[in-house]
Amino acid sequence: MDTDIRDALARSMPDLALIVRRDGVILSCVGGHAVRGLNPDEQGLPGRSLDAVWPEGIATHALQTVRRILKTRKTAQQRYQEGDVKLELRFQVQGFDRVLIVCRDLGTGKSANDSGLYENTGENSSLMLPHRDAFEKSLRMALDMAALREDTVGVLLIHIGGWSTYQRVFDSALANRLLESAARVILGALPEGRSNLPRLARVSDDVVGVVLTDIRARSDADATIDNVMQALRHPVDLDGQIFQLAPQAGVTLSGTDGERASELIERALTTLDAGRRQGADRLVTFYSDTLRLASLTRLDWQQELTQAIQKDELDLHYQPRYVLATREIVAVEAFLRWNHKVRGLVPTGEFLPIAEISGLSVQLGRWVLNRACRDLATLAAQGFPSLRVSVNVGRQYLSAESLAADVMNAAKQAGIEPSHLDLEITEQMLSTGRTGLAALHQLRGHGVRVLVDDFGTGYVSLGKLRSSPLDGIMIDRSFVEEVGHDHEARAVCRAAIALGVAFGLRIVAEGIETEAQAQFLVAEQCHEGQGHLFCAATPLHTLLEKVLPKTEAPASVTRAGSH
């Protein structure tokens, strides 16, 4: 066939066909003249991202599907409705890192799948839930439409009780299926509204957000919320196992509780927290004036933490890790500190939960990683080139697709080898899912070590421990501090050390307070340890001036700070 004819036929295709890279960049496109509302420019789209073709919500879902099917190598199909236009997207792998997306216009009319959340992959179908950013965007659009109709919009945030326990005892895949089941129940209990906007999202790991529309009176909201909560109280059957979801909800309404989307979400989170503190019997809590101060306080903290990250106003302190038999310093563990210019030193237990619930965990983790690598380069330049630095990785950061690239970039920019980095995760995070474990496997290929922190406090199985990408375990301080007078604590430490040796892992003891504890661990052949016996977590300059020049730690020290 003549090339010109073939090109003309391709351009005349009613469907829009795109070749998209893993990162969402469009490599080529043809056709699409029958897809209303798009009007793609063949010359202008290549090199641009998917949001140049579709609205942000659809583009985000499409990119998530692209990345997933590049892993599974399976085809996928989605349907969306935007106004009166319905689109069908079909995905097929084209090589190592490319995907063909075909977009078809399905015409006008109501679709049974108008929420844009369902994903059809053949025999099985699952529910894709957008995250907080998409939820906030959908809420803003609902507020704009409600203003024209003189309606009220509600934010319903539902905590799925037991989710974290199911994730810990079983795995993330099952816990996520439970969340999907909950989302289906919620969708089924919602009345049909006049809006085709996506109404559900995953606001945090175990919280589902719902946009309530077409509210004329408070009784409308009450009736909808009651239907949803009653439906969620029914047990869920997954593969023959029965699970109880134990939902609790926090609610805000536009007009009385706020006008802006971000404001309504933040106040709903505060309301949900307040209801949960009152006990499991408190099913639904509405926002009130008594919660206003708490909501404003958390929003202030969130804004100030964001500013502290952006302006590099945080700090890291370092606690040395010693070879117990020789008292040689082999590594330093980084601990995050926030010395607020007004409030003083802010405990990590106060601001880390704010970072998690507000979506700042990844940004905060990236800051810690970059700073720790720069400080390690400083230590090497000051005459300690063999030291390692150990960094805690949060659950959300481990699940982020950027982790492996962030670690490699941080090391490269600081001029250090990745093999001088240790990443610490918890036992529960060994069930984080494919993305996190794949990142750890990739990083270990570059020499990065992975340690399980607080070992002994979780519920990891031996099979999971054996199959996970690990280099060491860190015995939790709660066991170490009791070895002098508690038989069970000694037994746990001995078992953990024996288990680590059997699996070829490095064993580190945390929280060593006395010389007797250190000698017990040496006798049991524990490799490394850290704690106030040797040195408290200290600023970098103190580490360089007073700690590292010493060849051995003293038998006892004055505690200079807290871990």
Side-chain angles (χ1 to χ4, degrees), residues 317-335 337 347-349 384 386-392 422 424-427 449 451-460 465 470-539 542-563:
H317 287 195
Y318 294 94
Q319 185 172 48
R321 199 164 76 216
Y322 294 79
V323 176
L324 289 177
T326 64
R327 303 296 171 95
E328 173 192 3
I329 299 176
V330 291
V332 291
E333 180 176 358
F335 292 98
R337 297 291 185 262
T348 54
F384 304 96
S386 62
L387 283 182
R388 306 176 63 82
V389 68
S390 192
V391 176
N392 285 274
D422 292 349
E424 297 180 21
I425 62 173
T426 63
E427 291 180 56
R449 293 182 186 174
L451 308 177
V452 176
D453 195 15
D454 302 332
F455 187 78
T457 61
Y459 302 91
V460 65
L465 192 66
L470 298 178
D471 299 279
I473 58 176
M474 305 180 73
I475 303 174
D476 187 67
R477 64 178 52 249
S478 62
F479 301 112
V480 173
E481 66 186 12
E482 300 291 334
V483 296
H485 55 271
D486 188 286
H487 172 73
E488 291 184 355
R490 290 195 296 273
V492 169
C493 287
R494 288 190 179 106
I497 293 170
L499 189 62
V501 170
F503 286 153
L505 302 175
R506 195 75 177 166
I507 302 109
V508 181
E510 298 182 286
I512 300 175
E513 303 278 344
T514 67
E515 187 64 37
Q517 293 168 355
Q519 292 304 322
F520 167 82
L521 293 164
V522 170
E524 296 298 328
Q525 299 184 0
C526 179
H527 301 124
E528 299 174 12
Q530 62 190 66
H532 286 111
L533 170 66
F534 310 115
C535 182
T538 186
T542 304
L543 191 72
L544 281 166
E545 294 171 4
K546 300 181 179 181
V547 180
L548 290 175
K550 301 178 181 179
T551 58
E552 285 192 355
S556 62
V557 297
T558 300
R559 297 184 185 179
S562 60
H563 177 104

Do Leu505 and Val452 come close enough that some side-chain heavy atom pair is under 4.5 Å?
-> no
Approximate separation, where rounding is to 0.5 Å, of Ile425 CD1 and Leu451 CG | 9.0 Å
Using a 4.5 Å cut-off on heavy atoms from C-beta on, say whether the side chain of Gln530 contacts that of Met474.
-> yes
Flag the pair Val492 / Phe455 as yes when at least one side-chain heavy-atom distance between them is below 4.5 Å, and no otherwise.
-> no
Would you name the heavy atoms of Ala325 and Val522 that are closest together and state the gap between them?
-> N-CG2, 4.4 Å
Which heavy atom in Tyr318 sits nearest to a heavy atom in Pro320, and how many Å separate them?
-> O-CD, 3.9 Å
If you take all heavy atoms of Cys526 and Leu324, which pair is closest and at what distance?
-> O-CD1, 3.8 Å
Just wondering, do Phe384 and Leu544 contact through their side chains at under 4.5 Å, heavy atoms?
-> yes
For residues Ile497 and Gln525, report the shortest heavy-atom separation together with the two atoms involved.
-> CG2-O, 4.1 Å
For Ser390, the option from Glu424, Arg449, Gln319 that meets side chain to side chain donor-acceptor pair (under 3.5 Å) | Glu424
Got a second to check how far Arg490's CZ is from Gln517's CD, nearest 0.5 Å?
-> 11.5 Å
Note, His317 side chain near Thr542 side chain (heavy atom, < 4.5 Å) | no
To the nearest 0.5 Å, tell me how far Asp453 CG sits from Asp476 CG.
-> 7.5 Å
How far does CG of Leu387 sit from CG of Leu543, to the nearest 0.5 angstrom?
-> 8.0 Å
Pair Arg321 + Glu333, salt bridge at N-O below 4.0 Å = no
Main-chain N/O of Glu513 paired with His532 side-chain donor or acceptor, under 3.5 Å = no
Taking all heavy atoms of Arg337 and all of Ala537, pick out the closest pair and write down the distance.
-> NH2-CB, 3.9 Å
Closest contact, heavy atoms only, Val483 versus Cys493 | CG1-SG, 3.6 Å
Rounded distance (nearest 0.5 Å) linking atom NZ of Lys546 with atom OG1 of Thr538 = 8.0 Å
Output for pair (Arg494 CZ, Leu499 CG), nearest 0.5 Å, gives 15.5 Å
Electrostatic pair Glu515:Arg327 at N-O distance under 4.0 angstrom | yes
Does Val330 reach the side chain of Glu528, with side-chain heavy atoms less than 4.5 Å apart?
-> yes
